[in-house]
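Reading through the structure tokens given below for one structure.
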Number of protein chains: 2
Amino acid sequence: MSRRTVSHEEGAIYEFTPGLEGIATVEPGAELTIETRDSLDGAVQSESDVIEAVPEEVNAATGPIEVEGAEPGDVLAVEIEEIRLAEEHGRVITIDGFGLLDGYDEIDAPWTKLTPVGDDRTSVRFDDLEVPVDPVIGTIGVATAGESYTTLVPHDHGGNLDTTDVTGGNTIYFPVFQPGAMLAMGDCKAAMADGEMCGTGSEIDTEIDVTLEVIDDPASPLERPLIETPDAWKTVASAETLEEACERANMDAIELLAAEHGFDPTEAYAFSSLVGGLEISQVVDPLVTVRNTVPKSYLSSPI
Amino acid sequence: MSRRTVSHEEGAIYEFTPGLEGIATVEPGAELTIETRDSLDGAVQSESDVIEAVPEEVNAATGPIEVEGAEPGDVLAVEIEEIRLAEEHGRVITIDGFGLLDGYDEIDAPWTKLTPVGDDRTSVRFDDLEVPVDPVIGTIGVATAGESYTTLVPHDHGGNLDTTDVTGGNTIYFPVFQPGAMLAMGDCKAAMADGEMCGTGSEIDTEIDVTLEVIDDPASPLERPLIETPDAWKTVASAETLEEACERANMDAIELLAAEHGFDPTEAYAFSSLVGGLEISQVVDPLVTVRNTVPKSYLSSPI
């Protein structure tokens with residue numbers, strides 16, 4: 001069966017809202033290739049191209065893709081099969097007013113470095129250093145419940161999660177807030193550190209192979225994104241501070257552990273303090289993002 | 001050669017100060033077995049033993065151990081060969097006023113669960129669940145530069161770092177602030193999640209095999225602890241907020257990357273945003289702790 005392609009040239013959004021309209025409609029089970037443009041819309045093609053301030057429109061997310069039959073209360077599963085680089089270089093940049101060390105005297109902003117893609121596309125170069133390609137979808141989400149969020153912001157609908165586990169081989173699950181779910185994604189990186197400290201990874205155009213499924217009777221209602229890796233389940237939460245995001249991600253993990261093992265909340269809290277744990281996704285966006293990992297040996301199929 | 005044993009019964013401290021006096025003196029290269037008691041000094045032996053408030057004395061650290069020839073400006077390397085459990089059960093507890101979810105209605109405090117050690121000592125039990133033993137030295141450090149810190153607090157001297165990478169097979173490096181370094185350690189866990197959310201792991205008595213070395217002409221001056229794993233170097237920083245700790249750990253990683261590759265700070269910052277990244281150690285102590293991981297492929301021998 002040939003995959004259907006949905007390209008950013010057909011449509012891309014800069015804001016997740018409750019009232020998104022699809023540019024493509026697919027059935028549950030659809031296998032798609034989604035083409036994304038880099039987070040800066042191609043504005044940085046040489047090291048003299050610098051970005052003076054965070055653009056009003058950034059992190060273009062290809063879509064929205066309407067999934068037939070997805071209804072509020074359902075869960076949308078996005079199985080990410082593969083992310084392929086689709087241009088010859090990525091770019092890592094600093095922007096004045098943005099990034100973990102924004103305002104430090106030692107750090108120049110704006111500033112740009114190109115990261116050329118190696119011949120076999122398994123590495124990018126940073127000066128003389130080779131960095132293995134380990135792609136990340138930075139921005140991915142669905143139509144929101146009520147508020148609207150630009151594609152710079154992560155929240156319960158997903159959005160700018162900048163989470164390294166949103167990569168090939170993993171599945172990300174979203175609560176469906178609106179009919180059709182209205183999935184969109186973009187802002188990919190060839191490689192990114194946990195934290196995304198300078199505010200970007202190696203930003204790059206990609207092609208993403210995904211399979212979409214709708215879970216219409218989830219075992220647990222999902223309030224926020226949840227990631228499945230081969231070995232673990234990871235709750236994902238965004239908030240004003242890392243501490244608040246930790247609390248939320250931990251509470252979500254506690255609920256899943258309690259449901260599976262019949263723990264009361266205190267038992268689940270104590271158990272969560274023994275295995276897996278809290279991980280930093282990103283510390284640079286308007287809300288920051290944390291995940292709480294629980295090994296699959298302790299959580300079978302939480303949704 | 002037989003290892004010398006240093007036991008908590010010979011001496012243990014509850015505060016890291018500039019003026020610590022050794023209970024044992026060893027030469028560089030010394031191979032030691034250090035016996036530690038659990039963080040609660042044995043006060044919790046059944047599930048009816050609960051801890052009402054954080055004790056004034058907690059996290060007893062066996063030592064101090066004076067290392068001959070260690071002088072301010074040197075680096076003390078503590079190679080951790082193995083951590084063995086030395087009692088039949090650990091305990092995971094909540095304490096009112098302590099922990100990530102302290103004050104949440106759903107969470108009971110004080111509360112205690114015993115975690116019995118399995119017959120082959122490779123797992124502990126939490127109710128019916130088996131948790132693999134993956135020991136952590138919670139509190140480890142040296143005499144301080146000026147301020148004093150109780151063993152509840154992590155800072156530049158080490159202390160209550162509660163960092164899962166402080167485990168067998170890894171080496172932790174400390175700046176030497178006082179003659180003899182004055183190493184002490186305790187507060188071990190049979191297992192702990194990154195974050196240590198409820199405020200403890202599975203707290204337990206242990207025997208720790210270590211080898212101590214003094215590096216008297218470090219390539220980079222060390223201001224804070226640094227961890228070496230088989231695959232990575234990890235800067236470790238503690239601060240009032242996770243955000244501040246992230247900044248400090250990232251700045252330290254940037255300095256190491258700049259020294260190795262001749263990067264300017266901005267290049268090192270951007271490169272640090274592509275590989276490894278920020279990790280949460282603990283979110284519950286009076287200062288919180290974060291590490292910045294850099295794969296060894298990009299940092300050979302930074303100190």
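Source: prediction; values computed, not measured. Chain naming here is simple, since letters A, B, ... match the order of the sequence lines and numbering starts at 1 in each.
If you measure heavy-atom distances from A:Glu267 to chain B, the contacts under 4.5 Å come from both the backbone and the side chain. For chain B, no part of A:Ile93 is nearby; none of its heavy atoms comes within less than 4.5 Å. In this structure, chain B has no heavy atom under 4.5 Å from any part of A:Asp162. In this structure, chain B has heavy atoms under 4.5 Å from both the backbone and the side chain of A:Val131. Looking at B:Asp102, only its backbone comes within 4.5 Å of chain A, counting heavy atoms on both sides. When heavy atoms are compared at a cutoff of 4.5 Å, A:Thr164 does not approach chain B at all. At a 4.5 Å heavy-atom cutoff, A:Asp134 makes no contact with chain B through either its backbone or its side chain. Interface remark: A:Ser272 contributes backbone and side-chain atoms alike to the contact with chain B (heavy atom separation under 4.5 Å). The contact between A:Leu100 and chain B is made by backbone and side chain atoms together, counting heavy-atom distances below 4.5 Å. For a residue to count as touching a neighbouring chain, one of its non-hydrogen atoms must lie under 4.5 Å from one of that chain's; by this rule A:Pro295 does not touch chain B. Residue contact with chain A, scored on non-hydrogen atoms closer than 4.5 Å, involves the side chain of B:Phe126 exclusively. Heavy atoms closer than 4.5 Å to chain B are found in the side chain of A:Val288, but not in its backbone.
Each of B:Ile254, B:Asn250, B:Leu278, B:Asp108 has some count of heavy-atom pairs under 4.5 Å with chain A, and the biggest count is that of B:Leu278. With respect to chain A, the highest number of heavy-atom pairs below 4.5 Å among B:Ser273, B:Gly195, B:Gly277, B:Ser297 belongs to B:Ser273. Contact tally against chain B (heavy-atom pairs below 4.5 Å) for A:Pro265, A:Ala109, A:Ser202, A:Ser281: the top residue is A:Pro265. By number of non-hydrogen pairs under 4.5 angstrom with chain A, the leading residue of B:Lys189, B:His261, B:Glu279, B:Glu243 is B:Glu243. With respect to chain A, the highest number of heavy-atom pairs below 4.5 Å among B:Cys198, B:Gly201, B:Cys246 belongs to B:Cys198. Of all the listed residues (B:Leu101, B:Ile107, B:Val275), the one sharing the greatest number of non-hydrogen pairs under 4.5 Å with chain A is B:Leu101.
Panel note: side chain B:Arg91, backbone B:Glu203; a donor-acceptor pair is recorded below 3.5 Å. Panel note: side chain B:Lys296, backbone B:Glu228; no donor-acceptor pair is recorded below 3.5 Å. Of the possible donor and acceptor atoms, none in the side chain of B:Arg224 sits under 3.5 Å from a partner among the backbone N and O of B:Thr235.
Taking the ring centroids of B:Tyr269 and A:Tyr104, they lie at or beyond the 6.0 Å cut-off.
Under a 4.0 Å N-O distance rule, the pair B:Lys113/B:Asp127 qualifies as a salt bridge. Using a 4.0 Å cut-off between charged nitrogen and carboxylate oxygen, B:Arg291 and B:Asp194 count as a salt-bridge pair.
Between A:Thr112 and the choices A:Leu40, A:Ile95, A:Val44, A:Thr200, the side-chain contact (heavy atoms from CB on, under 4.5 Å) rule is met once, by A:Val44.
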Could you go through the side-chain contact (heavy atoms from CB on, under 4.5 Å) check for A:Glu255 and B:Glu106 one step at a time? CA-CA 11 Å; A:Glu255 281 185 28; B:Glu106 305 91 318; over 6 Å; no
Let's go through A:His155 and A:Ser238 carefully: what are the C-alpha distance in whole Å and the side-chain angles of both, what is the deciding distance for side-chain contact (heavy atoms from CB on, under 4.5 Å) to 0.1 Å, and is it a yes or a no? CA-CA 6 Å; A:His155 205 267; A:Ser238 303; 5.6 Å; no
